Trainee: 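Structure below; questions to follow.
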2 protein chains.
Amino acid sequence: MKPLNISCLNCNAKDCSILRNCPTEALQFFDSKKYCMRYVPGQSIIREGSRIDGVYVIYEGIVKLHVKGRLGRDFILRLGKPGEIVGHTDDQFQKQSSSVTAVEPTTVCFIEHTDFESGMKKCPSVQRELMSVFKNELKNIGNRTIQLVQMNVREKIADALLHIAEVYKLKEGKNPVEISLSRQEISDMTGTTKEQVSKIISEFRTDGFIDAHGKKISILNYAKLKAVAGG
Amino acid sequence: MKPLNISCLNCNAKDCSILRNCPTEALQFFDSKKYCMRYVPGQSIIREGSRIDGVYVIYEGIVKLHVKGRLGRDFILRLGKPGEIVGHTDDQFQKQSSSVTAVEPTTVCFIEHTDFESGMKKCPSVQRELMSVFKNELKNIGNRTIQLVQMNVREKIADALLHIAEVYKLKEGKNPVEISLSRQEISDMTGTTKEQVSKIISEFRTDGFIDAHGKKISILNYAKLKAVAGG
DNA sequence: CGGGTTATTGAGGGGCGTCAACAACCGTGG
DNA sequence: CCACGGTTGTTGACGCCCCTCAATAACCCG
């Protein structure tokens, strides 16, 4: 990872992050305190169980938030995109509950907790946004859980593809985008196996929902894919 | 539901709730603003999607936090016990992400958001505790998700029984406790079917891990049950 | 005591995990 | 440029786990 210089003031990700409603003065403060780091695909950003003391926000790129399950099998809780908080503690004794790993080339901003606290004082909306972020995450993972439990594999994979499509901003139609996620990783998003993912992606291809050759994927029919996912 | 009078000052659940470190003055304030309500088993406390404007904390009893999934099938995210927050909003437009329903006779305390805010100003630790509650919940549901995805049904049911045992404070040994949860509800905790729960509870009985006749359950061997749950 | 709900147990079948063989892809080095 | 080994993706066969359905038993409340 190598440090970078990016300004909070004209940050692309600002509007979808907790800094949404910050006055310029507070932005300048955060800007002066933050560090930016760059990661290549596959590179670990945060390791599950480690201690961090601050806040990580994605500036650019795509990451996976994942945890180690039984027998060392990975499970991907969700993908993270620009503007999202992917790590947060308010003291240095708290352990991270999930690992964060770059999936695409990714730039991450980090700010130490003490600085973050000071900044919050200048901008009370950050506190509210942060709370709201947690509640949203809670809601999302709740929805996710129920899907994982009640859907069959075909539905779960359709759902995972929709999540991928959203994060990668895939447009409907034949414009293949290279996705760094392996079949194994897609299966880690759904709790199934790489073979099953392969088989069902093939099914979706013959059904005309998607086009997929290896890692090049396009969504040909969002509506039908959503119908499979049951919503 | 009928209002009750309970004091925050000598509340049993205080020490395991967000009021843990509150000075007496703040406790008195919360006490003067809160309402307490009593519910019978099966009675709905909060309905998924409804709007509430305040904070719900369990004073006594056991509840289930559940969401409606596909085909109207219920899924139980977790059980809630005294001291736990089971509903929270910071504005009246936010919808509850899960329903809360009494499983055992339950007393719940409610405080309106504006009062809660005022109280927080008197007791800054509440804010921190609240944040910490959210993060813990996030961590727990993350662990839960991975279990639900990676465990087989036998393991999941062992896990659910352990969760039940914890919430009901079951001691090891033959002292049967009447659990109001039906087989259907246990299956809703694990994403399986009531028949499967019946079969596997019978297995556990013949294996000598538990004793169960209908709703009377005792845990005979925690260690072995935990071993089945894989941890 | 009788009707309705809940629990138990068994039989049958399908979804999906496992294993294995083969194809495609990729970076490296000759 | 091709050869080559390693990784990743694809596809099929097999078998087991678990969902579904159904029949019976146990329980609860009036």
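In what follows, chains carry the letters A, B, and so on, assigned in the order in which the sequence lines appear, proteins first and then strands, with residues in each chain numbered from 1. Given the structure is predicted, the values throughout are model-derived calculations rather than measurements. Both backbone and side-chain heavy atoms feed into the values below; hydrogens, waters and symmetry mates do not.
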Trainee: Rounding to an integer number of Å, can you tell me how far A:Glu178 CD sits from D:dG9 P?
Mentor: 11 Å
Trainee: If I take atom CD1 in residue B:Ile157 and atom P in nucleotide D:dC19, what distance separates them, rounded to the nearest angstrom?
Mentor: 8 Å
Trainee: Determine: side-chain N/O of A:Gln196 to OP1/OP2 of C:dC16, distance under 4.0 Å, yes or no.
Mentor: no
Trainee: May I have the distance from A:Ile200 (atom CD1) to C:dC16 (atom C1'), rounded to whole angstrom?
Mentor: 8 Å
Trainee: Check B:Ile164, B:Ile62, B:Val167, B:Ile186 against B:Ile179 for a side chain to side chain contact (heavy atoms under 4.5 Å, CB included) and give me the one that passes.
Mentor: B:Ile164
Trainee: Rounding to a whole Å, what distance do you find between A:Lys199:NZ and D:dT11:P?
Mentor: 10 Å
Trainee: Of the nucleotides D:dT20, C:dG17, D:dC19, which one has an atom closest to the side chain of B:Glu195?
Mentor: D:dT20
Trainee: Check whether any side-chain nitrogen or oxygen of B:Thr192 sits under 4.0 Å from OP1 or OP2 of D:dC18, and answer yes or no.
Mentor: no
Trainee: Provide, to the nearest angstrom, the distance between the CD atom belonging to B:Glu203 and the C1' atom belonging to C:dG10.
Mentor: 14 Å
Trainee: Taking CG from B:Asp188 and P from C:dT6, how many angstroms apart are they, rounded to a whole number?
Mentor: 12 Å
Trainee: Give the rounded distance in Å between these two atoms: CD of B:Gln150 and P of C:dG17.
Mentor: 12 Å
Trainee: Heavy atoms only, 4.0 Å cut-off, all strands: where does A:Ser202 land among base, sugar-phosphate and nothing?
Mentor: sugar-phosphate
Trainee: Begin with the C-alpha distance, continue with both residues' side-chain angles, and end with the deciding distance and a verdict on side-chain hydrogen bond (donor to acceptor under 3.5 Å, both in side chains) for A:Gln184 and A:Asp188.
Mentor: CA-CA 6 Å; A:Gln184 178 66 60; A:Asp188 288 342; 3.3 Å; yes
Trainee: Ring-plane angle category for B:His88 and B:Phe134, please: parallel below 30°, perpendicular beyond 60°, tilted otherwise.
Mentor: perpendicular
Trainee: Whether A:Arg183 contacts D:dT10 is assessed here as follows: a side-chain N or O lying under 4.0 Å from the phosphate OP1 or OP2. Is that the case?
Mentor: yes
Trainee: Would you check if B:Arg154 and B:Phe204 make a side-chain contact, meaning some heavy-atom pair closer than 4.5 Å?
Mentor: yes
Trainee: Once you apply a heavy-atom cut-off of 4.0 Å, does A:Ser182 come out as touching a base, just sugar-phosphate, or nothing?
Mentor: sugar-phosphate
Trainee: With heavy atoms under 4.0 Å as the rule, sort A:Lys215 into base, sugar-phosphate or nothing.
Mentor: sugar-phosphate
Trainee: Looking at D:dT20, I'd like to know if its phosphate oxygens (OP1 or OP2) sit under 4.0 Å from a side-chain N or O belonging to B:Thr193.
Mentor: no
Trainee: If the test is side-chain hydrogen bond (donor to acceptor under 3.5 Å, both in side chains), which one of B:His163, B:Lys81, B:Glu104, B:Glu178 qualifies with B:Tyr168?
Mentor: B:Glu104
Trainee: Could you check how far CZ of A:Arg154 sits from P of C:dG14, rounded to whole Å?
Mentor: 17 Å
